[in-house]
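I have placed the structure first, in the form of structure tokens, so that the comments after it can refer back to it.
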Amino acid sequence: MNKALAVARWEYVEKIKSKAFLISLFIMPIIMVAMGVIPTLLATRADTEPRVIGVIDETGELTKLLSTKFEEKYKLPDGRPNYLFRSINESNLFDISEAKKKGDELVISEEIEGYIILRSTIYNDSTFEYRSQNVGNFKLTERINRTLRDIIVEKKLRAEGLDPEFVKKLTSDIDIRSVKISKSGEEEEAGFEKVFFSAYIFIMMMMFLVMTSGQLLVRSMVEEKSNRIVEVLMSSCSAKDLIVGKILGLSGLGFTQIGFWALIGTTIALKFGVALIALSHALILLIFFVLGYLFYAAVFVAVGSPLSTEQEAQQVTSYLVLIFIIPLIIAMPVMQDPNSVLVSVLTFIPLLTPTMMALRIPIQMPSAIEVIAAIIVMILSTIIAMWAAAKIFRTAILAYGKRPSIKEIVSLLRAK
């Protein structure tokens, strides 16, 4: 192991001193926070000037009601109305087609943001038309839709002799408070967002670690192979020492990066009093995180050893990373029934075990037998993957030119 540790130390020290690693260590958390915060800030940013909305109103009464409701609910920071409604077919001087033509002209000249068409049949079919150069303003269209719906419902209730305020009280929303009960009887308040977010963080951290460290591992082998440096290395240590050293060194690099980010995240969470993952869950997830990464690293080595160019390496590693998308696709069925037969079967597929357990544990802790069995599966899978990677690496790393076929790789694995 001395030579393997020497290789691991060299890989770790050389990579951790690089400017690219140090920059990514600090830049990546900033980018991840920015990706989560900036879209929210932009979506909730208040307007600075009133938006003018045109109205073609065949009912003759909804424009005034709509304007009144908007003035009450939506205002600019300086107190002015956020939206101003302008009638396009005032006094009914022209028909609907002429009104639409004028409305289109006002939109094109940017005198108005857009305009809505309120047909006389809106009380029956509850349908209106919004025309604008920008139909992607979901905040505006949703506000118009919600306000019009409230106005129409209120008018229908009054027509039936019912008090809208009384009906609103009867149909008010009921809030649900989700309480998770552990097998020991302890209570923990945990909604869907908290449960999904904790699993999402685990999957994204592992995916990022595999994407960065795994690609570094493959690129390092391809580079050393193309520069013939690997021949010098193989003359000083065995293929097993070299591959174990590379995996340990780059694993340490990845864990350093993730540990640093986890420390930042934990500090922020404690400052704001937010507990994303229970301590008992965190310890078990950490085991699956480490075993999962070592398994993926061995798979990357086995797949990357026969490759000769960086283009091939990038293409192959991209396919492997796609595996992480599978748990995100089936996240909802897993959360609804984490103990189903299908979920249990997927849990024991080594490529999916870490991420499936990350989804299941925060929702409903599997039985101790299932957790232990999954850990044993990961340990055995990692050992087998390391053994297979070493056998393929030993032969393929010194093979230049034509890549070995799948049949040849199987022969390598079967050979003594």
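If you read the sequence from its start, that first residue is 1, and numbering goes on from there.
Using a 4.5 Å cut-off on side-chain heavy atoms (C-beta onward), Pro50 and Tyr83 make no contact. No side-chain heavy atom of Asn137 sits less than 4.5 Å from a side-chain heavy atom of Thr141. Ile247 is listed as a side-chain neighbour of Met386, based on a closest heavy-atom distance under 4.5 Å. Ile56 has its side chain out of reach of Leu118: every pair of non-hydrogen atoms, C-beta onward, lies at least 4.5 Å apart. At a threshold of 4.5 Å between non-hydrogen side-chain atoms, the residues Leu351 and Tyr296 count as touching. Under the 4.5 Å side-chain criterion, counting only non-hydrogen atoms from C-beta, Val7 is not in contact with Leu248. Residues Glu129 and Ile116 have side chains not in contact (no heavy-atom distance under 4.5 Å, counting atoms from C-beta outward). A heavy-atom distance below 4.5 Å is not found between the side chains of Leu359 and Pro338.
Ser340 and Val343 make their closest contact through OG-CG2, 3.1 Å (heavy atoms, listed as atom of the first residue, atom of the second, distance). Closest of all the heavy-atom pairs between Asp47 and Pro77 is O-CD, 3.6 Å. Heavy-atom minimum distance, Pro354 versus Gly292: CG-CA, 3.6 Å. Across all their heavy atoms, Tyr115 and Val107 have their closest contact at CD2-CG2, 3.7 Å. Contact record, Gly54 with Ile88: CA-CD1, 4.0 Å, taken as the closest heavy-atom pair. Minimum interatomic distance between Ile284 and Val371 (heavy atoms only, all atoms of both residues): CG2-CG1, 4.1 Å.
Between Arg86 atom CZ and Glu113 atom CD the span is 14.0 Å, to the nearest 0.5 Å. Taken to the nearest 0.5 Å, the CD1 atom of Ile112 stands 9.5 Å off from the NZ atom of Lys102. Note: Thr147 OG1 to Leu62 CG = 12.0 Å, rounded to the nearest 0.5 Å. To the nearest 0.5 Å, atoms CD1 (Ile53) and OG1 (Thr63) are separated by 12.5 Å. Here CG of Leu342 is found 4.5 Å from CG of Leu346. Values are rounded to the nearest 0.5 Å. Residue Leu253 holds its CG atom at 6.0 Å from CD1 of Ile16, rounded to the nearest 0.5 Å.
Between Asp104 and Arg131 there is a salt bridge, since a side-chain N of the basic residue sits under 4.0 Å from a carboxylate O of the acidic one. Looking at Glu105 and Lys101, no side-chain N of the basic residue comes within less than 4.0 Å of a carboxylate O on the acidic one, giving no salt bridge. Ionic pairing of Lys156 and Glu160 is not present here: no N-O contact between side-chain nitrogen and carboxylate oxygen is shorter than 4.0 angstrom. The pair Glu14-Arg9 fails the salt-bridge criterion, with no side-chain N (NZ, NE, NH1 or NH2) lying under 4.0 Å from an Asp/Glu carboxylate O.
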| message | For a side chain to side chain contact (heavy atoms under 4.5 Å, CB included) check, start with the C-alpha distance between Ser97 and Lys100, then their side-chain angles and the critical distance, and finish with the verdict. | response | CA-CA 5 Å; Ser97 60; Lys100 287 175 66 175; 5.8 Å; no

| request: Could you check Phe70 against Asn82 for side chain to side chain contact (heavy atoms under 4.5 Å, CB included), going step by step and ending with a plain yes or no? | output: CA-CA 8 Å; Phe70 264 75; Asn82 198 161; over 6 Å; no

| So Lys69 and Glu154, salt bridge (charged side-chain N to carboxylate O under 4.0 Å, His left out) or not? Walk me through it. | CA-CA 12 Å; Lys69 290 281 188 181; Glu154 185 175 330; 3.6 Å; yes

| task | May I have the step-by-step check of side chain to side chain contact (heavy atoms under 4.5 Å, CB included) for Ile144 and Phe128, ending in yes or no? | result | CA-CA 10 Å; Ile144 295 174; Phe128 71 96; 3.8 Å; yes

| request: Please test Phe348 against Glu370 for side chain to side chain contact (heavy atoms under 4.5 Å, CB included), starting from the C-alpha separation and ending with a verdict. | output: CA-CA 9 Å; Phe348 289 96; Glu370 195 168 1; 3.8 Å; yes

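The aromatic rings of Phe255 and Phe289 sit tilted, their planes meeting at an angle between 30° and 60°.
Counting non-hydrogen atoms of neighbouring residues, nucleotides and ligands closer than 6.0 angstrom, the NZ atom of Lys75 exceeds 12 such neighbours. Other residues, nucleotides and ligands place more than 12 heavy atoms under 6.0 Å from the NZ atom of Lys73. In Glu110, the CD atom is not crowded: 12 or fewer heavy atoms of neighbouring residues, nucleotides or ligands sit closer than 6.0 Å.
Counting only distance, with no hydrogens or angles, the side chain of Thr355 and the backbone of Leu352 share a donor-acceptor pair below 3.5 Å. Asp125 places a side-chain N or O within 3.5 Å of a backbone atom of Thr127 that can act as its donor or acceptor partner. Checking side-chain atoms of Glu58 against main-chain N and O of Arg119 turns up no donor-acceptor pair under 3.5 Å.
For the 3.5 Å distance criterion, the side chains of Arg360 and Thr347 qualify, holding a donor opposite an acceptor. In the model, Asp57 has a side-chain atom that pairs as donor or acceptor with a side-chain atom of Thr59 under 3.5 Å. For the 3.5 Å distance criterion, the side chains of Ser251 and Tyr12 fail to qualify, holding no donor opposite an acceptor.
A cation-pi arrangement is present between Arg143 and Tyr74, with the terminal nitrogen or guanidinium carbon under 6.0 Å from the aromatic centre and inside a 45° cone about the axis.
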